[in-house]
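Computed from heavy atoms alone, side chains included, the values below leave out hydrogens, waters and symmetry copies. The structure presented is a predicted model; accordingly, all values stated were derived computationally and were not measured.
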Amino acid sequence: MNLIANFLSNSAVELIGYVFSLVAATIAIFQYFGKVKAEDEVRNLRIEIANLQLNTKNENKVNQGDKSQYFQENTGSVNIDNRG
């Protein structure tokens, strides 16, 4: 136990500990501000999506004509027989 206490009381080890703590604190601060910025961006995008959904109208019109949309020419009879 005395060996660990002597190792931790070394000034070089203390300096390395302080440097690591400073780096960890800096990283934590940057992560916090990045999280706040990302949350603001998500909030703004949700507002934009809500506005787009309110301003969007479905103006699709379906008109049934004399020709099918699945056949290029519908001039003759169509025989659908699945009996083989």
Original post:
By the rule that ILVMFWY residues connect when side-chain heavy atoms come within less than 4.5 angstrom, directly or transitively, which residues belong alongside Ile16?
Top reply: Phe20
Check the hydrophobic clustering (I, L, V, M, F, W, Y; side-chain heavy atoms under 4.5 Å; chains of links allowed) and say if [X] and [Y] are grouped together.
X     : Y     : answer
Val36 : Ile29 : yes
Ile4  : Val13 : yes
Val19 : Leu22 : no

Original post:
Charged N to carboxylate O under 4.0 angstrom, Asp40 versus Lys37?
Top reply: no
Original post:
Should we count CG of Leu52 as having more than 12 external heavy atoms under 6.0 Å?
Top reply: yes
Original post:
Quick one: CD on Glu41 to CD on Glu39, what's the gap to the nearest 0.5 Å?
Top reply: 12.0 Å
